[in-house]
Asks: 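Here you go, one structure.
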Amino acid sequence: MTDEEQIKLFLYPHTRRIAAKYAVEIRAESELLVGGGSFEQATSPFDIPAAKIPWGDSFIPYIPGSTLKGLLRAAAEEMMRTLFSNASKSVAEVFERIKAEEVGAELVEKAVIKLLQQFVSPELVRTEDVMKAGGDNLRQKVENAYNKEKVDVSRILAELKVSPYACPTVVEGLACELPLPPYKVPYLKALAKASGLDPLPYICPICLTFGAPGYASNILVTSAYPLGQLGKDYFILERTHVAIDRYTGAAAQQKLFTVEYITAGATFRGYLILTGPEVRDAAKCDELKTQLENWAKGQTHSYIPYYVIQCLAEELTNATLGRRKSAGMGQVNISIKKIDQPENCDEYQGPLKDLCRWVHEADTV
């Protein structure tokens, strides 16, 4: 395997042309609290207000498009890691394939320190400490640098997984970005060797679908608005909670807080618009793995975002959304269906009616 064969760029030219439209419905199976932004925080009497927009004489709850897109992306990442679990490798396996002479300060700062500072303070070990540490590869240099501070990071490196099919976006040095920076090449070459992919698909299918720094998303996710009428089909209620003292197990003194929430049974509807080349007949989701394997090997140039979106519905029958999930809120059921026939938008009320009309009339975005 030559160096030139280990990384292959996969890009889809961006277009405003709509390839497919999907309806997304979110039904609250339990109480739901999607937190509001700075406006709600500044104007609401509640400690944790729900996201709302003014409509007529009242306020309508909604689920922001960014929140919904984040949920879809997380589900797609989990789907990829499950489908290609054999391709996922530990950070330790990848780092030990990066030779000491390939290790640069920028790689250490963005891929090592940024990763490990989620578990240990960056003041314990600095970039220069890793650069000066002995070892034949990056894994040895990292472990030796932290061992001087009596911090054993070997278990962290061995348990954290990375996948060529869904990059870890929370760590700058391990995430996809364009243009491809020189410091990241040793990491990508090592990931290709560890996962056995030749060539390595870059950017990963998830970033190709949902976007990455330097590469725009191929999908547009709208905000979702409630079906039915406020006060009839759903309600916005409030509740006062008591903070619990972690030592005594009793109610903490003078630590009450109020939250605003949507009642169970409320259903929200939004839309997902896929841009790109014309979408063909629906792929079977059990064929998704084969389609992506052929794509990664360069044997097909199928439009990957389409296959990812098509199969997300099976992953989202039971999901969690919003805040206070550990307190039992946020249990939702999400359905994603391709729109083949025009809807009767007049059946909807409030902002959903206008959104529905826009989606059905739009040819480009």
Side-chain angles (χ1 to χ4, degrees), residues 1-11 77 79-116 127 130-131 133-146 153-208 212-213 215 289-301 304:
M1 181 188 298
T2 65
D3 290 349
E4 289 75 15
E5 294 173 332
Q6 290 174 340
I7 303 173
K8 184 174 181 180
L9 294 179
F10 286 87
L11 299 175
E77 290 173 350
M79 180 175 68
M80 288 296 183
R81 295 189 180 106
T82 301
L83 278 174
F84 299 98
S85 57
N86 291 337
S88 296
K89 300 300 176 182
S90 69
V91 173
E93 291 178 272
V94 177
F95 279 6
E96 67 186 12
R97 286 175 167 81
I98 303 176
K99 299 178 182 179
E101 56 268 26
E102 297 178 302
V103 178
E106 192 171 9
L107 175 64
V108 173
E109 171 65 26
K110 295 182 178 180
V112 178
I113 303 300
K114 295 289 186 182
L115 173 68
L116 292 178
T127 299
V130 177
M131 295 295 295
D136 297 328
N137 55 61
L138 180 57
R139 176 184 179 178
Q140 293 176 357
K141 292 174 72 68
V142 172
E143 291 179 347
N144 289 336
Y146 279 87
V153 298
S154 58
R155 182 175 178 180
I156 297 175
L157 297 179
E159 292 185 351
L160 291 175
K161 301 289 184 179
V162 289
S163 170
Y165 290 94
C167 71
T169 55
V170 295
V171 181
E172 180 182 357
L174 306 182
C176 296
E177 63 177 308
L178 290 174
L180 175 61
Y183 83 86
K184 196 168 290 187
V185 173
Y187 165 74
L188 293 175
K189 288 166 57 179
L191 180 61
K193 294 177 182 178
S195 62
L197 278 182
D198 176 22
L200 178 75
Y202 190 87
I203 52 179
C204 74
I206 297 301
C207 289
L208 198 61
Y215 186 77
K289 183 175 182 180
T290 300
Q291 292 283 353
L292 283 168
E293 286 176 339
N294 291 338
W295 167 81
K297 296 173 183 176
Q299 297 175 1
T300 179
H301 294 284
I304 294 306

Asks: Give the minimum heavy-atom separation between Leu191 and Pro164, together with the two atoms involved.
Replies: CD2-CA, 4.1 Å

Asks: So, taking the atom named CD in Glu177 and the one named OG1 in Thr169, what distance separates them when rounded to the nearest 0.5 Å?
Replies: 12.5 Å

Asks: Going through the distances and angles, do Ile113 and Val108 end up as a side-chain contact (heavy atoms from CB on, under 4.5 Å)?
Replies: CA-CA 6 Å; Ile113 303 300; Val108 173; 4.2 Å; yes

Asks: If you round to the nearest 0.5 Å, how far is CG of Leu116 from NZ of Lys114?
Replies: 12.5 Å

Asks: For the residue pair Phe95 and Tyr187, does the interplanar ring angle fall in the parallel (under 30°), tilted (30 to 60°) or perpendicular (over 60°) class?
Replies: perpendicular

Asks: Could you report the tightest heavy-atom contact between Glu143 and Ser154, atom names first, then the distance?
Replies: OE2-CB, 3.2 Å

Asks: Can you measure from SG (Cys207) to OH (Tyr202) and round to the nearest 0.5 angstrom?
Replies: 8.0 Å

Asks: Should we say atom NZ of Lys161 is surrounded by more than 12 heavy atoms from elsewhere, each under 6.0 Å from it?
Replies: yes

Asks: Is a side-chain donor-acceptor pair under 3.5 Å present for Thr127 with Glu109?
Replies: yes

Asks: In a check of side chain to side chain contact (heavy atoms under 4.5 Å, CB included) between Lys189 and each of Glu102, Lys184, Arg97, which one passes?
Replies: Glu102

Asks: What heavy-atom pair brings Glu293 and Phe84 nearest, and what distance separates the two atoms?
Replies: CG-CE2, 3.6 Å

Asks: Looking at every heavy atom in both Ala175 and Pro168, which two are closest together, and how far apart are they?
Replies: CB-O, 3.8 Å

Asks: Can you tell me how far the CD atom of Glu96 sits from the CG atom of Leu138, to the nearest 0.5 Å?
Replies: 10.5 Å

Asks: Judged by atom type as modelled, is there a donor-acceptor pair below 3.5 Å linking the side chain of Lys141 to the main-chain atoms of Met131?
Replies: yes

Asks: Taking all atoms of both residues into account, what is the closest heavy-atom pair of Ala87 and Ser195, and its distance?
Replies: O-CB, 3.5 Å

Asks: Specify the closest pair of heavy atoms between Cys204 and Cys176, including all atoms of both residues, with the distance to one decimal.
Replies: N-SG, 3.3 Å

Asks: Return the CD1 to CG distance between Ile7 and Leu200, rounded to the nearest 0.5 Å.
Replies: 6.5 Å

Asks: Go through the steps to decide whether Tyr165 and Leu83 satisfy the test side-chain contact (heavy atoms from CB on, under 4.5 Å), and finish with yes or no.
Replies: CA-CA 9 Å; Tyr165 290 94; Leu83 278 174; over 6 Å; no

Asks: Counting distance only, does the side-chain N/O of Asn144 pair as donor-acceptor with the main-chain N or O of Gly134 below 3.5 Å?
Replies: yes

Asks: side-chain contact (heavy atoms from CB on, under 4.5 Å), that's the test. Do Val91 and Leu157 meet it? Break it down for me.
Replies: CA-CA 5 Å; Val91 173; Leu157 297 179; 3.9 Å; yes

Asks: Side chains of Ser163 and Met80: does their closest heavy-atom pair fall under 4.5 Å?
Replies: no

Asks: How long is the span from the CG atom in Leu160 to the CZ atom in Arg155, to the nearest 0.5 Å?
Replies: 11.0 Å

